[in-house]
Peer 1: 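Sending over a structure as structure tokens; questions will come in a sec.
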There are 2 protein chains.
Amino acid sequence: MDDMTLEMPAHGAAGARIASELRDAILTGEQQPGARILQNDLADRHGASRLPVREALRMLEAEGLVTLVANTGAWVSRLSLVECEEMYQMRERLEPLLLRYNVPLLSDEVLDRLTVLADAMESSDDVEQFLRLDREFHLSCYSAAQTSVLGDTVLRLWNRTQHYRRAFTRVFRSEGDRSVHHEHQLLVSAIGGHDIDGAERILADHIRRTRLELARHPDVFDN
Amino acid sequence: MDDMTLEMPAHGAAGARIASELRDAILTGEQQPGARILQNDLADRHGASRLPVREALRMLEAEGLVTLVANTGAWVSRLSLVECEEMYQMRERLEPLLLRYNVPLLSDEVLDRLTVLADAMESSDDVEQFLRLDREFHLSCYSAAQTSVLGDTVLRLWNRTQHYRRAFTRVFRSEGDRSVHHEHQLLVSAIGGHDIDGAERILADHIRRTRLELARHPDVFDN
DNA sequence: TCCAACAGGATTGAATACAATATAAGCAAA
DNA sequence: TTTGCTTATATTGTATTCAATCCTGTTGGA
């Protein structure tokens, strides 16, 4: 043995590493929908050849974050209102199921954290911070159960809609609706009380209400 | 323009073509779960280099049909009973939604076809034929609406569980349970009567019952 | 002025060649 | 005989190179 640090081999992971960084860039909004992605650019920026870049693009295409056209190029994926509504409807069906898997397993520590997050969202006035808190809140609800596909599928739906959730939050928060926070509190207490059916209903309604609000702001999808 | 035949360029589609053939091989059962996939073999068999083969493997990995391990190799994906049950639970939630999208759009021709398929299944005694009919029956229910992710997600769940549905059908059909056929008939009439909520319920129950039967045959997942 | 055909350049797709890694067989020592 | 190490081979990962395709700016004509 050469070394005491257990090191993951740098070989065989170049594509995954590049994909991970590009994914982050898309989720933070640094890369906007519609933006062209050049293979050479990415390769140079990561000091690699175009080959692992192509693999990274394939991975992100599978996640729906990147759109590939043969012989033509890659772009950060756009979403129409109709597509976004479809994904929200999928979330309405899948997230309650995922929550059901998690409720019996969530620790008191996570439950406390949920309360902290819900409170922080109420007093937050920065859009980016709100988005981070909201994402952590919901994903924390799913952090206890080890699922093989359900968790991934839900996470992908979150990622694909991330940009539009940001744009929507900007225009919606100014309207001063408090019911989002109310629903978060209801959800925490239902989870705390191990009321699985109640938690499922609250979560489905929460996502549904957001979808309906989203439909009132189609301008978010212009351009 | 050189030619009147509008030809899709053979360039830029090698990976997709290889993926398509390997996918078929897995779905027909020609390639069994656990089977090793050598890049060189696939490349030689398709008269291509290993590069498009790697892209094909990445695509099938994203679909869950192939499992890749860095620096090691690729195998046809296995499923445990727990994973399979999870996918069936996802189907219980997603397929009713997909059906809801389709019911208002399904033509009389498709409806007639559904009746033919349901009848053919009742009188079929060959497992492979039953599987083909059942797959066509359910996927036909989803053939009218153009969804962007929901349809793909459901199709992938069908594909990932295909092998185990085959194995399960072998042992289950011998038990002579008729309720599957009854549910198919109920579903057709609910769809024909544009009873969306009823159709959703019947379909969810249908999938749920299959999941419970599946759990009674864990031996299907041995080895 | 507008449109179509035509280079030219830029970009992607695939093949070959080489490096890194993992598996397996053989060998030595306990 | 078994265990651990070593070496050989097979397989995968990446870089380099060349070919096919697409986009763009330009030029010629109507």
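Letters go in sequence order (proteins before strands), and every chain restarts at 1. Atoms considered below: every heavy atom in the structure, side chains included; atoms not considered: hydrogens, waters and symmetry mates.
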Peer 1: Would you give me the side-chain donor-acceptor pairs under 3.5 Å for residues 57-64 of chain B, sequence neighbours excluded?
Peer 2:
residue: B:Arg58; atom: NE; partner: A:Glu55; partner atom: OE1; Å: 3.1
residue: B:Arg58; atom: NH1; partner: B:Glu61; partner atom: OE1; Å: 3.2
residue: B:Arg58; atom: NH2; partner: A:Glu55; partner atom: OE1; Å: 2.9
residue: B:Glu63; atom: OE1; partner: B:Arg23; partner atom: NE; Å: 2.8
residue: B:Glu63; atom: OE2; partner: B:Arg23; partner atom: NH2; Å: 2.7

Peer 1: Can you list everything that forms a ring-ring contact (aromatic ring centres under 6.0 Å, His included) with A:Tyr101? Sequence neighbours excluded, please.
Peer 2: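 Partners of A:Tyr101 under the ring-ring contact (aromatic ring centres under 6.0 Å, His included) test: none.
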
Peer 1: Return the set of residues passing side chain to side chain contact (heavy atoms under 4.5 Å, CB included) with A:Val154 (not counting sequence neighbours), or none when no residue passes.
Peer 2: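 Expected list: A:Leu94, A:Glu95, A:Leu98, A:Tyr142, A:Leu150, A:Trp158.
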
Peer 1: With B:Thr28, which residues qualify under side chain to side chain contact (heavy atoms under 4.5 Å, CB included), at least two apart?
Peer 2: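 B:Thr28 satisfies side chain to side chain contact (heavy atoms under 4.5 Å, CB included) with B:Glu30 once adjacent residues are dropped.
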
Peer 1: Which whole-number value in Å describes the distance from A:Glu61 CD to C:dT12 P?
Peer 2: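 Atom-to-atom, A:Glu61 to C:dT12, this comes out as 14 Å.
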
Peer 1: From CG of B:Asp41 over to P of D:dA10, roughly how many Å is that when rounded to an integer?
Peer 2: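 Between P of D:dA10 and CG of B:Asp41: 13 Å.
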
Peer 1: For B:His163 and B:Gln31, does a side-chain donor sit closer than 3.5 Å to a side-chain acceptor?
Peer 2: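 No, no side-chain donor-acceptor pair sits under 3.5 Å.
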
Peer 1: Can you list everything that forms a side chain to side chain contact (heavy atoms under 4.5 Å, CB included) with A:Glu92? Sequence neighbours excluded, please.
Peer 2: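 Here the qualifying residues are A:Gln89, A:Ile207, A:Arg208, A:Arg211.
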
Peer 1: Taking only residues two or more places apart in sequence or in another chain, which ones pass side chain to side chain contact (heavy atoms under 4.5 Å, CB included) with B:Gln162?
Peer 2: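 Listed in chain order: B:Leu27, B:Arg135, B:Arg165, B:Arg166.
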
Peer 1: Kindly give the atom pairs (protein nitrogen or oxygen, nucleotide nitrogen or oxygen) under 3.5 Å for nucleotides 11-14 of chain D.
Peer 2:
residue: D:dT11; atom: O3'; partner: B:Arg36; partner atom: NH2; Å: 3.3
residue: D:dG13; atom: OP1; partner: B:Asn71; partner atom: N; Å: 3.1
residue: D:dG13; atom: OP2; partner: B:Gln39; partner atom: NE2; Å: 3.3
residue: D:dG13; atom: OP2; partner: B:Arg54; partner atom: NH1; Å: 2.4
residue: D:dG13; atom: OP2; partner: B:Arg54; partner atom: NH2; Å: 3.4
residue: D:dG13; atom: O4'; partner: A:His11; partner atom: NE2; Å: 3.1
residue: D:dG13; atom: O3'; partner: A:Gly12; partner atom: N; Å: 3.1
residue: D:dG13; atom: N7; partner: B:Arg50; partner atom: NH2; Å: 2.7
residue: D:dG13; atom: O6; partner: B:Arg50; partner atom: NH1; Å: 3.3
residue: D:dT14; atom: OP1; partner: A:Gly12; partner atom: N; Å: 3.4
residue: D:dT14; atom: OP1; partner: A:Ala14; partner atom: N; Å: 3.3

Peer 1: List every contact pair, protein side and nucleotides 5-9 of chain D side both N or O, where the distance is under 3.5 Å.
Peer 2:
none

Peer 1: Who are the salt bridge (charged side-chain N to carboxylate O under 4.0 Å, His left out) partners of A:Arg113, not counting sequence neighbours?
Peer 2: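 Once residues adjacent in sequence are excluded, the partners of A:Arg113 under the salt bridge (charged side-chain N to carboxylate O under 4.0 Å, His left out) criterion are A:Glu136.
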
